[in-house]
Amino acid sequence: MTNKQTVCKKCGNCCQQGGPALHIQDLGLIKTGKIPISSLITIRKGELAENPLAGRIQPVIVELVKIVGTGRLWDCCYYDKDAGCTVYNDRPQACRVLKCWDPEEILNLVEKDTLSRFDILEKDDPMVQVILEHERICPCDNLGFIQSNLGGLSDIFKNELEKRVRSDLRFRTRVIEDFHLKVSEELFYFGRPFFQLLQQLGARVFESPAGVSLRWGT
């Protein structure tokens, strides 16, 4: 008869499944610089991500700010295979409640009391208006529709997506130059480039004389 697990074995399996989403309890970690913006990535509302409650990939219903991953397997950036969690004393709320042997408490946190970019930034931060402009130029609110209609997307719709990809890249290039942003900071302010979100859905990206172009299907 095996003993029931009751404590963390520090195996690192949870850390190797990506960084956690941050919650309101974690705001102090960011404000004090213990977790800097350069270590964060935004998953915008409408992006496709695995929902552990539903057991499938679907659009997120709230914006999520997560600790960024690293490497091919997207391990949490604060995980070291020899030292374990390098911010253990200042780990986020999701890490504190996670019990791999009893997931109920962590599942109750999914998409609840999460931090957004606007919770983290001061109201008078100039990047707030820049983010709002990016949301207008490059929304990702119809990725669920694309996911459900991959075989029936019209050429007109595909062309509109291609234009959105180009607008997103032009916007990022301009803002990075104007505000001297690092790539790591870009991922917090604007999330992943739109073309990467479409690649998840099978779009192939190519350079063309007009800029980036998309191809769908085989």
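Because only heavy atoms are used, hydrogens play no part in the values below, and waters and symmetry mates are left out as well, while side chains stay in.
Nearest heavy atoms, Lys123 versus Val128: O-CG2, 4.2 Å. Between Ile137 and Arg164 the shortest heavy-atom distance is O-CG, 3.9 Å. Among all heavy-atom pairs drawn from Pro52 and Val110, the shortest one is CG-CG2, 3.7 Å. Between Arg166 and Val212, the shortest heavy-atom contact is NE-O, 2.7 Å. When all heavy atoms of Leu169 and Pro193 are compared, the pair lying nearest together is CD2-CB, 4.5 Å. Shown here for Arg44 and Cys138, the closest heavy-atom pair between the two residues is NH1-O, 2.8 Å.
Hydrophobic clustering (ILVMFWY, side-chain heavy atoms < 4.5 Å, transitive): Leu115 and Val87 are in one cluster. No path of Ile, Leu, Val, Met, Phe, Trp and Tyr side chains, each step under 4.5 Å between heavy atoms, connects Ile120 with Val62, placing them in separate hydrophobic clusters. Residues Val68 and Tyr79 do not share a hydrophobic cluster, defined by chaining ILVMFWY side chains whose heavy atoms lie under 4.5 Å apart. Both Phe195 and Leu153 belong to a common hydrophobic cluster when Ile, Leu, Val, Met, Phe, Trp and Tyr are linked at side-chain heavy-atom distances under 4.5 angstrom. Hydrophobic clustering, with ILVMFWY side chains joined whenever heavy atoms are under 4.5 angstrom apart, groups Ile24 together with Phe118.
Val175 has its side chain out of reach of Tyr189: every pair of non-hydrogen atoms, C-beta onward, lies at least 4.5 Å apart. You'll find the side chain of Gln5 reaches within 4.5 Å of the side chain of Cys100, heavy atoms only. Annotation: side chain of Leu143 is in contact with side chain of Leu198 (closest heavy-atom distance under 4.5 Å). Using a 4.5 Å heavy-atom cutoff, the side chains of Leu121 and Ile131 are in contact.
Applying the side-chain contact (heavy atoms from CB on, under 4.5 Å) test to Cys95 and every residue at least two apart in sequence or in another chain returns Pro20, Arg91, Pro92. For Arg56, the side-chain contact (heavy atoms from CB on, under 4.5 Å) partners at least two apart in sequence or on another chain are Ala54, Gln58.
Using cut-offs of 30° and 60° for the angle between ring planes, the His134 and Phe171 rings count as tilted.
In this structure, Arg215 places its CZ atom where only 12 or fewer heavy-atom neighbours from other residues, nucleotides or ligands lie under 6.0 Å away. Enclosure of atom CD1 in Ile156 is not indicated, since only 12 or fewer non-hydrogen atoms of other residues, nucleotides or ligands lie within 6.0 angstrom. Within 6.0 Å of atom NZ in Lys31, more than 12 heavy atoms from other residues, nucleotides or ligands are found, so the atom counts as buried in its surroundings. Environment of NZ in Lys158: crowded, with over 12 heavy atoms of neighbouring residues, nucleotides or ligands closer than 6.0 Å.
Put simply, the residue from Arg174, Arg172, Arg192 that forms a salt bridge (charged side-chain N to carboxylate O under 4.0 Å, His left out) with Glu186 is Arg172.
How far CG of Leu181 is from CZ of Phe190: 6.0 Å, rounded to the nearest 0.5 Å. In this structure, CD in Gln16 is found 8.0 Å from SG in Cys11, a value given to the nearest 0.5 Å. Note: Leu187 CG to Ser39 OG = 11.0 Å, rounded to the nearest 0.5 Å. Remark: Lys66 NZ to Phe188 CZ distance equals 15.5 Å, nearest 0.5 Å. Here CG of Asp119 is found 8.5 Å from CD of Glu63. Values are rounded to the nearest 0.5 Å. Residue Leu201 holds its CG atom at 6.5 Å from CD1 of Ile146, rounded to the nearest 0.5 Å.
Among pairs with a residue in residues 137-160, those fulfilling ring-ring contact (aromatic ring centres under 6.0 Å, His included) read Phe145-Phe157, at least two apart in sequence or across chains.
Between the side chain of Thr86 and the main chain of Tyr78, a donor-acceptor pair closer than 3.5 Å is present. Judged by distance alone, the side chain of Asp90 and the main-chain N or O of Lys34 form no donor-acceptor pair under 3.5 Å. Remark: side-chain polar atoms of Asp26 are paired, donor with acceptor, to backbone N or O of Gln93 under 3.5 angstrom. When atom types are taken as modelled, the side chain of Glu162 and the backbone of Leu214 share a donor-acceptor pair closer than 3.5 angstrom. Within the 3.5 Å criterion, the main-chain N or O of Lys163 finds a donor-acceptor partner in the side chain of Ser167. Of the possible donor and acceptor atoms, one in the side chain of Gln147 sits under 3.5 Å from a partner among the backbone N and O of Ile57.
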| request: Go through the steps for Leu64 and Glu47 under the test side chain to side chain contact (heavy atoms under 4.5 Å, CB included), then give the verdict. | output: CA-CA 10 Å; Leu64 303 174; Glu47 282 193 37; over 6 Å; no
| When you look at Asn108 and Glu104, which way does the side chain to side chain contact (heavy atoms under 4.5 Å, CB included) test go after all the steps? | CA-CA 6 Å; Asn108 286 335; Glu104 181 178 359; 3.9 Å; yes
| said: Evaluate Leu53 against Leu107 for side chain to side chain contact (heavy atoms under 4.5 Å, CB included), listing each step before the verdict. | reply: CA-CA 7 Å; Leu53 294 176; Leu107 290 177; 3.8 Å; yes
